[in-house]
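Data block below; observations after.
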Amino acid sequence: QVQLVESGGGLVQPGGSLRLSCAVSGGIFSTYIMGWFRRAPGNEREFVASIKWSSGAKYYTDSRQGRFTISRDNTKNTLYLQMNSLRPEDTAVYYCAAGLGTLVSATWEFWGQGTQVTVSS
């Protein structure tokens with residue numbers, strides 16, 4: 001059973017940076033897609049970015065590309081999300097997920113518990 005545990009969230013001022021981590025245990029097949037999602041208060045969960053665990057190929061929604069960077073360290077079984085130039089509208093609970101399919105369209109099978117990111121002065 002795959003387990004995902006996020007960390008690295010917190011309170012940051014507008015314009016600041018955070019790096020989220022997602023520790024992966026239980027075994028991830030090389031064919032898995034890893035992703036980051038977020039859910040802001042009152043909103044539905046939305047996709048942020050995805051990465052192929054094996055190759056490192058990445059996909060972003062247009063609005064996040066340039067400020068957010070997804071990466072993974074296979075040797076540490078850890079997924080990351082580097083977030084720069086944070087805005088108050090980035091405030092949300094951030095989740096990592098693992099699934100099968102493509103970078104653009106994956107079936108997400110496993111989810112972490114989420115980590116809160118609050119951007120406020």
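Model, not experiment: these values are computed from the prediction. Quick note: residue numbers are just sequence positions, from 1.
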Minimum heavy-atom separation for L79 and S71, please, with both atom names. CD1-O, 3.3 Å
Between T91 (side chain only) and V119 (backbone N and O only), is there a donor and an acceptor less than 3.5 Å apart? yes
Salt bridge present between R38 and E46 (N-O < 4.0 angstrom): yes
For the hydrophobic clusters of this structure (ILVMFWY residues joined by side-chain heavy atoms under 4.5 Å, transitively), does one cluster hold both I51 and L100? yes
Backbone N or O of R39 within a donor-acceptor pair of the R45 side chain at under 3.5 Å? no
For P14 versus S120, what's the shortest heavy-atom pair and its separation? CD-C, 3.6 Å
For the atom pair OG (S7) and CG (L20), what is the distance rounded to the nearest 0.5 Å? 8.0 Å
Does the T69 side chain pair with the main chain of Q82, one donor and one acceptor, at a distance under 3.5 Å? no
All heavy atoms of M34 vs all of A98, minimum pair found to be SD-CB, 3.5 Å
Quick one, W36 and C22 - any side-chain contact, counting heavy atoms below 4.5 Å? yes
Please test L103 against I33 for side-chain contact (heavy atoms from CB on, under 4.5 Å), starting from the C-alpha separation and ending with a verdict. CA-CA 7 Å; L103 287 171; I33 306 293; 4.2 Å; yes
Interatomic distance, Q13 atom CD to L86 atom CG [nearest 0.5 angstrom]: 11.5 Å
Transitive ILVMFWY side-chain link Y59 to Y80, under 4.5 Å: no
Taken to the nearest 0.5 Å, the spacing of C96 SG from W111 CH2 works out to 9.0 Å
Take atom NZ of K58 as the centre, draw a 6.0 Å sphere, and report whether it contains more than 12 heavy atoms from other residues, nucleotides or ligands. yes
Verdict with supporting geometry, Y94 and L81, side-chain contact (heavy atoms from CB on, under 4.5 Å): CA-CA 10 Å; Y94 284 73; L81 184 68; 4.1 Å; yes
Criterion side chain to side chain donor-acceptor pair (under 3.5 Å) on D73 and T78, from CA distance to verdict: CA-CA 5 Å; D73 186 333; T78 303; over 6 Å; no
Indicate yes or no: at least one non-hydrogen side-chain atom of E109 is less than 4.5 angstrom from one of Y32. yes
Would you check if the distance from the ring center of F47 to the ring center of F37 is below 6.0 Å? yes
Do you know the tightest heavy-atom contact between D90 and R67? OD2-NH1, 2.8 Å
Here the pair of heavy atoms bringing Q113 nearest to Y95 is O-CE2, 3.5 Å
For a quick test of reading the model, state the closest non-hydrogen atom pair linking S85 to S17 and the distance between them. N-OG, 4.3 Å
Can you tell me how far the CE atom of M83 sits from the CD1 atom of I70, to the nearest 0.5 Å? 12.0 Å
Apply side-chain contact (heavy atoms from CB on, under 4.5 Å) to the pair V24 and F110, showing each step before the final yes or no. CA-CA 10 Å; V24 182; F110 304 103; over 6 Å; no
